[in-house]
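Computed from heavy atoms alone, side chains included, the values below leave out hydrogens, waters and symmetry copies. In what follows, chains carry the letters A, B, and so on, assigned in the order in which the sequence lines appear, proteins first and then strands, with residues in each chain numbered from 1. Computed from a predicted structure; not experimentally measured.
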2 protein chains.
Amino acid sequence: MARIAGSSGPRTEEAIRRAGLSLITTHGYAAMSLRQLAAMVGIQQGSLYNYFRNKQEFLFDLIRSHMQDLHAALEQALLPEGSAAERLTRFVEFHVAYHIERSQEVFICYSELRSLEPENLTAVVAMRRDYERRLSDILEAGRESGEFRLADVRMATLAILAMLSGICNWYRPDGRLSKEAVSRTFTGMVLALAQGGADPAALPQPANLNRLAARRQ
Amino acid sequence: MARIAGSSGPRTEEAIRRAGLSLITTHGYAAMSLRQLAAMVGIQQGSLYNYFRNKQEFLFDLIRSHMQDLHAALEQALLPEGSAAERLTRFVEFHVAYHIERSQEVFICYSELRSLEPENLTAVVAMRRDYERRLSDILEAGRESGEFRLADVRMATLAILAMLSGICNWYRPDGRLSKEAVSRTFTGMVLALAQGGADPAALPQPANLNRLAARRQ
DNA sequence: GTCTATAGTGAGATAGAC
DNA sequence: GTCTATCTCACTATAGAC
């Protein structure tokens with residue numbers, strides 16, 4: 001990480017970005033000092049101010065630019081039409097892939113909202129709402145068409161997003177599971193959740209299982 | 001919050017606890033200053049050191065004592081026997097109730113693990129593993145008995161816990177939803193997820209629904 | 001148990017030479 | 001664009017009177 005002379009520019013910018021992501025993910029924004037950050041990049045602490053006006057602006061830039069990337073990528077991935085199950089599958093596949101690919105950014109976007117100053121927070125929350133809505137719309141469409149059985153679309157939205165976003169807390173590229181296995185499994189679980197058929201009372205006993213099956217036909 | 005004279009003792013201790021929970025939830029451990037904490041309690045900053053040796057110990061006490069409470073409460077709530085669906089239902093009901101009742105502690109236990117020093121972290125992670133295992137065992141039992149259809153018990157465990165723990169990020173006592181409604185809805189979603197029947201390919205069309213129902217009988 | 005006062009440290013941010 | 005040097009401030013933690 002050390003550096004030789006008075007060089008660089010855009011290379012430094014990218015290095016600061018990556019080091020910042022790493023440090024904030026590990027220790028949190030408040031606990032990360034600019035001295036640490038500079039050391040990791042291999043420059044002096046004062047030099048950082050050629051790249052941002054202050055620490056808060058650095059955080060906001062990280063979060064905002066990531067949210068923009070996320071939106072742009074989602075736009076590409078969403079199906080314009082198709083059954084709700086197909087659209088939901090596509091959404092989950094995208095979400096999982098993105099969360100695995102860019103887990104640090106994603107994690108920070110959830111965990112460091114509290115560290116944003118009010119004005120900056122407002123901007124980010126608006127983008128976030130927009131994203132949640134994409135999922136809500138799919139669930140709502142499925143509920144109306146009868147493909148999905150959901151007691152509450154809002155809660156289902158939050159539940160699914162929490163479940164998917166949790167992936168970036170435990171997924172490790174060198175772990176037991178491949179990206180594909182995770183994607184497949186979560187797609188299955190989310191679809192099962194959405195398609196429901198689970199009245200808590202309905203399924204435990206075999207007798208009830210029969211009733212349910214009959215109702216479905 | 002202000003106080004009158006040189007009084008108190010255990011009352012102060014409880015006040016510090018509550019103020020700490022609130023501040024850490026809102027701003028995070030690293031961003032909370034002991035001056036803030038003292039001000040919220042209505043004492044001077046130096047007086048805090050009658051209640052802990054340093055800031056880290058305060059955090060660790062909060063987290064550890066909460067984990068102990070959680071384990072004790074879970075012990076009471078778990079069913080010793082019954083079908084996997086019944087046991088899972090009970091687990092979810094407990095989990096939701098607890099997360100709603102003590103959302104600050106729960107949130108901190110997830111979000112401030114990073115702020116624990118290595119030794120303290122080790123202790124907490126062990127307790128956490130133990131808790132996850134309670135859920136894994138239920139899912140595994142259900143998978144073996146054929147009640148549940150799960151591609152991967154470990155991922156299902158993590159998915160369910162993430163989904164449930166997410167509740168403390170958005171639930172508001174004065175909001176649209178009652179505790180009971182949340183509990184019922186999440187129980188339903190978790191059971192649906194566990195009981196599966198969701199090969200991504202299998203369920204969109206009604207034709208496949210029939211096959212599924214037939215197989216279940 | 002609480003207060004006031006302060007030691008000692010490390011933080012974010014700025015100034016000016018190269 | 002980077003460096004060195006430094007300002008200013010807030011923080012954790014301690015000491016000692018009441």
Side-chain angles (χ1 to χ4, degrees), chain A residues 1-24 26-63 108 112 114-120, chain B residues 1-20 22-24 26-63 112 114-120:
Chain A
M1 284 282 177
R3 56 189 291 119
I4 313 297
S7 62
S8 274
R11 277 221 321 262
T12 305
E13 179 162 15
E14 188 50 30
I16 293 174
R17 234 187 134 69
R18 274 208 296 273
L21 284 176
S22 166
L23 287 173
I24 296 176
T26 311
H27 304 109
Y29 167 77
M32 173 194 75
S33 79
L34 296 184
R35 283 176 171 80
Q36 267 184 300
L37 178 60
M40 197 166 185
V41 175
I43 60 175
Q44 292 303 309
Q45 182 246 338
S47 304
L48 290 172
Y49 287 83
N50 287 310
Y51 296 92
F52 48 72
R53 284 190 306 136
N54 53 51
K55 196 186 174 189
Q56 168 74 198
E57 190 190 270
F58 177 56
L59 176 65
F60 182 50
D61 270 1
L62 278 183
I63 292 182
I108 291 174
E112 295 297 353
R114 63 162 71 158
S115 304
L116 290 173
E117 287 165 7
E119 197 175 345
N120 295 338
Chain B
M1 288 282 180
R3 55 189 294 118
I4 313 296
S7 61
S8 275
R11 277 222 322 263
T12 305
E13 180 163 14
E14 186 51 29
I16 292 173
R17 235 188 132 68
R18 273 209 296 272
S22 165
L23 287 172
I24 296 176
T26 312
H27 303 109
Y29 167 78
M32 173 194 75
S33 79
L34 296 183
R35 283 178 170 81
Q36 268 184 301
L37 178 59
M40 197 165 183
V41 175
I43 60 176
Q44 292 303 309
Q45 183 247 336
S47 303
L48 289 172
Y49 286 83
N50 287 310
Y51 296 92
F52 47 72
R53 283 190 307 137
N54 52 52
K55 195 185 173 189
Q56 168 74 198
E57 191 191 88
F58 177 57
L59 175 65
F60 182 50
D61 271 2
L62 279 182
I63 292 182
E112 296 296 352
R114 61 161 73 157
S115 304
L116 289 173
E117 287 165 7
E119 198 176 344
N120 295 337

Quick check: any donor-acceptor pair below 3.5 Å linking the side-chain of A/R35 to the base of C/dG10?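 No pair found.
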Phosphate-side-chain proximity, [X] and [N], N/O vs OP1/OP2 below 4.0 Å:
X     : N      : value
A/T12 : D/dT2  : yes
A/Q44 : D/dT4  : yes
B/S33 : D/dA10 : no
B/S47 : C/dC3  : yes
A/Y49 : C/dA15 : no

Atom [atom1] of [X] and atom [atom2] of [N]: how far apart are they, to the nearest Å?
X     : N      : atom1 : atom2 : result
B/L34 : C/dA5  : CG    : P     : 20 Å
A/N50 : C/dA13 : CG    : C1'   : 13 Å
A/K55 : C/dG12 : NZ    : P     : 5 Å
A/L37 : C/dA11 : CG    : P     : 12 Å
A/Q45 : D/dA5  : CD    : P     : 14 Å
A/F52 : C/dA13 : CZ    : P     : 8 Å
A/I43 : D/dG1  : CD1   : C1'   : 9 Å
B/E57 : D/dT12 : CD    : C1'   : 14 Å

Decide side chain to side chain contact (heavy atoms under 4.5 Å, CB included) for A/M40 and A/L37; before the verdict, give the C-alpha distance in whole Å, the side-chain angles of both, and the deciding distance to 0.1 Å. CA-CA 5 Å; A/M40 197 166 185; A/L37 178 60; 5.5 Å; no
Please check this pair: side chain of B/Y51 against backbone of B/G9, looking for a donor-acceptor N/O pair closer than 3.5 Å.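 The answer is yes, because a donor-acceptor pair under 3.5 Å joins these two groups.
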Backbone N or O of A/E117 within a donor-acceptor pair of the A/Q56 side chain at under 3.5 Å?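 Yes: the side chain of A/Q56 pairs with the backbone of A/E117.
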Pairing of B/R17 and B/E13 as salt bridge, 4.0 angstrom limit: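 Looking at B/R17 and B/E13, the cut-off is not met.
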For the residue pair A/S115 / A/E112, report whether a side-chain donor-acceptor contact shorter than 3.5 Å exists.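 Judged by distance alone, the side chains do pair up.
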